[in-house]
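A note on names: the letters A, B, ... follow the listed sequences, proteins ahead of strands, and every chain is numbered from 1.
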Amino acid sequence: MSQLVGIYAIAALSIREAVRQRLWLPFAAGAGLLMAIGLRLGAVDDSAKLKLAVVGITAVIGFVTVLLSILVAAGQVRRDLDARVAYLLFAKPLSRWAYVVGRWLGVMGILTAGMLALAVVGTLVMSTVFPALPQMRDVHKVVAWEEVSPLGEPITITDDSSRRMLSGQPGGGIRWTIAGLPTEGPQDGLELLVRVQVRGVGDQMALEESLVSVTAAPGKGGQRLLSLDPASPYGFGTDGAKPGPGQVVLRHRDSSRNDMVQDFARLRLTPDVIAPDGTTIIQITRLDSRSTLVLTRNATVLVARPGGGFLLNLVRGGLVLMASAGLLAAGTLLVATVSNIGVTLLAGLTMFFAGNALWTIQDTLAYEKLSAPVARLLQLAQVLLPDFDRFSVAANLAASQSIPWTAVGAAWMYFGLYAVVFLVLAWFSLARKEL
Amino acid sequence: MTVPTPAATPVLRTVGLGKTYHDFWGRPRVQALAGLDLEVAPGEVFGLLGPNGSGKTTTIKLLLGLLSPTKGEAFVFGRDPGDQDAKRRIGYLPEETYLYRFLDAEETLAFFGRLFGLPSALIKSRTDELIKLVGLDHARKRRLGEYSKGMARRLGLAQTLINDPALVILDEPTSGLDPIGSAEVKDLIIRLKQAGKTVLLCSHLLADVEDVCDRIAILHQGVLRELGPVDALLRADDRIQVELKGPNAEQLAAIRNAAGSSLVSVAPPRERLESHFRRIITEAKGGGSKP
Ligand SMILES: Nc1ncnc2c1ncn2[C@@H]1O[C@H](COP(=O)(O)OP(=O)(O)OP(=O)(O)O)[C@@H](O)[C@H]1O
Ligand SMILES: [Mg+2]
């Protein structure tokens with residue numbers, strides 16, 4: 001309890017130190033970069049502009065926080081030990097664990113302030129460059145899916161593949177069960193976003209679109225037709241012909257394109273198709289015999305609702321990025337207690353790059369023939385190394401998909417565990433250190 | 001030689017305290033301290049003397065829990081070194097001034113005050129008082145990076161007293177100070193003593209030590225060579241010193257005649273501790289064992 005004042009004093013010292021040593025300069029440079037991005041955007045094609053801007057802003061925030069977490073943690077702790085201020089600190093009633101925690105919190109405080117500033121500048125730049133900020137959407141999870149035969153019989157999907165191909169006789173389809181929808185309050189915000197890959201068969205190879213019907217029901221049976229949002233970018237067909245009621249012309253969408261505003265046909269989900277427990281069953285029925293449709297469990301139909309303002313989501317994304325920065329700060333702090341400044345910086349950066357290159361380990365394990373011990377070692381590394389790609393902040397934001405608080409929580413649980421382990425080790429190492 | 005046993009619980013006590021520095025691989029490098037037995041009573045001003053590398057700073061670090069002993073034990077206020085409650089009552093001035101260059105004098109004192117959990121009103125009044133005490137009133141808003149060595153030393157001294165400590169440990173407090181500063185430190189120690197504080201003083205300025213210390217210990221190569229009250233240590237039993245104020249030549253001649261062959265010297269009084277210290281160290285170097 002008495003150590004709280006010490007933790008506070010050290011954390012406040014860290015922040016003051018960073019300000020006095022002009023560590024806000026990287027943040028200012030980052031902000032300048034954001035402005036430059038904003039000004040240069042005129043040169044890029046319209047549909048890609050917004051994505052580029054969002055990815056750019058997220059990258060600047062991620063880069064600056066990561067870099068600073070390593071620089072600040074290494075610099076401050078190493079200086080205390082090298083300049084022997086530590087003699088004086090630990091001759092005071094300051095526990096070594098309180099010192100470690102205080103320094104770490106100080107770094108996080110600096111990063112939080114910088115991240116918030118960059119998010120605000122980024123949002124300002126966006127709102128001057130674009131007529132409107134992207135509308136963020138929250139997506140509900142698919143809990144089950146099944147195939148429906150052209151005769152209307154359900155076919156359980158037993159294999160664990162997440163893709164399904166529909167071809168041959170028309171009238172067959174797929175049903176998705178989606179849970180957790182709001183049953184009270186205004187529901188006109190609920191949207192159904194639909195995207196498929198379309199392929200032709202035989203001499204229809206060039207086929208790019210297919211007629212389908214999209215229906216929904218609160219339970220099995222009783223499917224009701226859903227109508228297209230007039231502002232939907234797709235669904236009406238290229239020739240401008242209006243499809244019949246409940247019918248949608250789905251254009252081919254590459255699976256890599258997932259912008260929630262631009263790449264999905266948008267339909268209204270009415271309250272009458274939602275069961276009292278918040279579930280709904282959505283069905284896509286293939287109506288065009290010439291086409292082959294490729295549908296996936298998690299990316300073909302999305303039930304979306306408004307996901308909050310852009311700035312709020314950017315900040316939540318920033319908090320996710322800061323979780324990984326917190327891990328890096330803790331790891332760097334640990335190395336700083338045992339090694340010199342050069343090694344400490346190198347270790348921090350190595351940690352970051354190793355965490356970002358985890359996919360190479362995955363690929364090596366998947367595609368290379370490895371001897372058993374090497375495979376074992378790589379598997380161990382895969383389990384032990386933190387995966388900095390785990391939470392795709394930039395991709396989600398660029399797709400106008402919101403970053404919910406649960407994602408922030410999950411990121412802090414994941415990276416926080418590493419951070420706690422590193423901090424405990426740092427304390428242990430410092431406690432045993434002879435000054 | 002007998003160590004006088006103080007009545008109250010000693011503020012500092014070491015029992016066979018020893019420290020051997022090891023290298024990275026755990027091999028013994030230097031024996032900095034070899035079995036030190038000391039007790040310092042409350043209210044005492046205790047001088048720890050010894051040539052460079054004799055183990056004084058090592059002893060202090062052991063007492064503060066900054067190092068762990070390789071043998072023996074140390075107690076501060078009857079507790080283990082490093083005990084938070086013990087540290088709360090200690091003021092420590094390291095042998096070199098280690099402070100944050102990016103803080104100014106007020107911020108430095110406020111920072112250390114906060115580490116002690118002092119309320120901010122108290123921190124403010126003590127900061128004011130201490131900055132004036134060490135004569136830095138004109139530089140209170142300047143960053144320490146701009147301070148001269150002696151100015152930083154003065155602030156280090158102020159920092160030592162921020163928690164109104166019951167035990168003040170000063171490791172060469174006058175290093176880098178001008179003569180006036182040194183004299184002020186001496187006065188300060190005397191005032192601390194009058195206020196009932198315990199002081200552990202390491203210094204190479206033997207005249208000062210002689211003036212302010214009640215007892216001294218002399219270390220050489222980590223071994224205690226001498227321990228006792230300053231007066232007793234410096235009393236040469238078979239000699240008498242006659243001090244005359246402004247004697248004339250006739251008086252001196254008369255004394256010389258009267259004393260005859262038992263006269264040792266006629267000279268102005270010298271810094272006696274200095275010669276005593278030299279003798280102890282010369283003896284120790286000549287293979288003399290611990291007295
Ligand atoms: N960190 C260390 N590692 C190894 N040896 C050390 C270390 N610190 C001190 N020593 C050694 O321990 C011995 C005692 O050093 P100490 O600093 O206690 O001396 P001191 O009496 O304070 O000297 P000075 O008057 O120069 O300050 C010296 O031989 C020194 O070389
Ligand atoms: Mg020393």
Side-chain angles (χ1 to χ4, degrees), chain A residues 1-24 72 75-103 105-106 110 338-340 343 427-435, chain B residues 19-22 24 32 57-58 60-70 76 81-104 107-108 110-120 123 143-145 156 159-160 162-163 165 167 169 171:
Chain A
M1 186 56 208
S2 65
Q3 290 301 320
L4 282 183
V5 288
I7 293 176
Y8 171 75
I10 294 291
L13 182 82
S14 281
I15 293 172
R16 177 171 268 160
E17 184 173 352
V19 173
R20 295 271 162 96
Q21 294 178 338
R22 297 189 194 83
L23 270 178
W24 47 267
V72 176
Q76 295 192 338
V77 172
R78 233 14 270 182
R79 205 271 337 283
D80 279 351
L81 295 173
D82 290 339
R84 301 179 182 181
V85 194
Y87 285 179
L88 208 46
L89 291 180
F90 298 131
K92 311 287 177 203
L94 173 73
S95 294
R96 298 191 185 191
W97 69 262
Y99 171 80
V100 169
V101 172
R103 277 294 185 204
L105 284 179
I110 296 160
V338 292
S339 200
N340 65 34
V343 173
W427 164 52
F428 191 68
S429 148
L430 200 60
R432 288 167 37 96
K433 197 172 187 66
E434 305 239 290
L435 294 167
Chain B
K19 177 70 189 178
T20 304
Y21 288 103
H22 294 268
F24 180 80
T57 300
T58 301
I60 290 177
K61 286 187 186 172
L62 287 167
L63 289 169
L64 289 166
L66 296 175
L67 294 174
S68 42
T70 41
V76 182
D83 179 274
Q84 303 293 353
D85 285 322
K87 284 192 197 169
R88 224 166 271 287
R89 302 160 65 189
I90 301 178
Y92 165 52
L93 179 67
E95 61 184 330
E96 283 169 57
T97 317
Y98 313 120
L99 297 166
Y100 289 111
R101 295 167 56 84
F102 57 87
L103 296 179
D104 65 27
E107 290 164 345
T108 302
F111 169 68
F112 286 113
R114 247 180 263 134
L115 287 185
F116 282 100
L118 303 179
S120 40
I123 290 179
R143 305 254 170 97
L144 302 201
Q159 155 293 125
T160 308
I162 190 75
N163 56 328
L167 167 64
I169 299 178
D171 199 347

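Interface remark: A:Arg20 contributes side-chain atoms only to the contact with chain B (heavy atom separation under 4.5 Å). Both the backbone and the side chain of A:Ala91 come within less than 4.5 Å of a heavy atom of chain B. With a threshold of 4.5 angstrom between heavy atoms, B:Leu67 approaches chain A through its backbone and through its side chain. When heavy atoms are compared at a cutoff of 4.5 Å, A:Arg79 approaches chain B solely by way of its side chain, counted from C-beta outward. Both the backbone and the side chain of B:Leu103 come within less than 4.5 Å of a heavy atom of chain A.
Listed options B:Arg114, B:Arg143, B:Glu96 were ranked by heavy-atom pairs under 4.5 angstrom with chain A; first place goes to B:Arg143. Counting heavy-atom pairs closer than 4.5 Å to chain A, the top-ranked of the candidates B:Pro94, B:Gly117, B:Ser68, B:Pro81 is B:Ser68. For the options B:Leu93, B:Leu115, B:Leu64, heavy-atom pairs under 4.5 Å to chain A are most numerous at B:Leu115. Annotation: maximal heavy-atom pairing with chain B below 4.5 Å, among A:Val85, A:Ile10, A:Asp80, A:Leu13, occurs at A:Leu13.
In summary, the side chains of A:Ser95 and B:Gln84 do present a donor paired with an acceptor at a separation below 3.5 Å, with no hydrogens or angles considered. A side-chain donor from one of A:Tyr87 and B:Lys61 sits under 3.5 Å from a side-chain acceptor of the other.
Proximity of a side-chain donor or acceptor of B:Asn163 to a complementary backbone N or O of B:Arg88 within less than 3.5 Å is detected. Judged purely by atom type and a 3.5 angstrom limit, B:Gln159 uses its side chain to pair as donor or acceptor with the backbone of B:Gly156. For B:Glu95 (side chain) and B:Thr57 (main-chain N/O), no donor-acceptor pair under 3.5 Å exists by modelled atom type.
Enclosure of atom OH in A:Tyr8 is not indicated, since only 12 or fewer non-hydrogen atoms of other residues, nucleotides or ligands lie within 6.0 angstrom. Atom CZ of A:Phe428 has 12 or fewer neighbouring heavy atoms from other residues, nucleotides or ligands inside a 6.0 Å radius.
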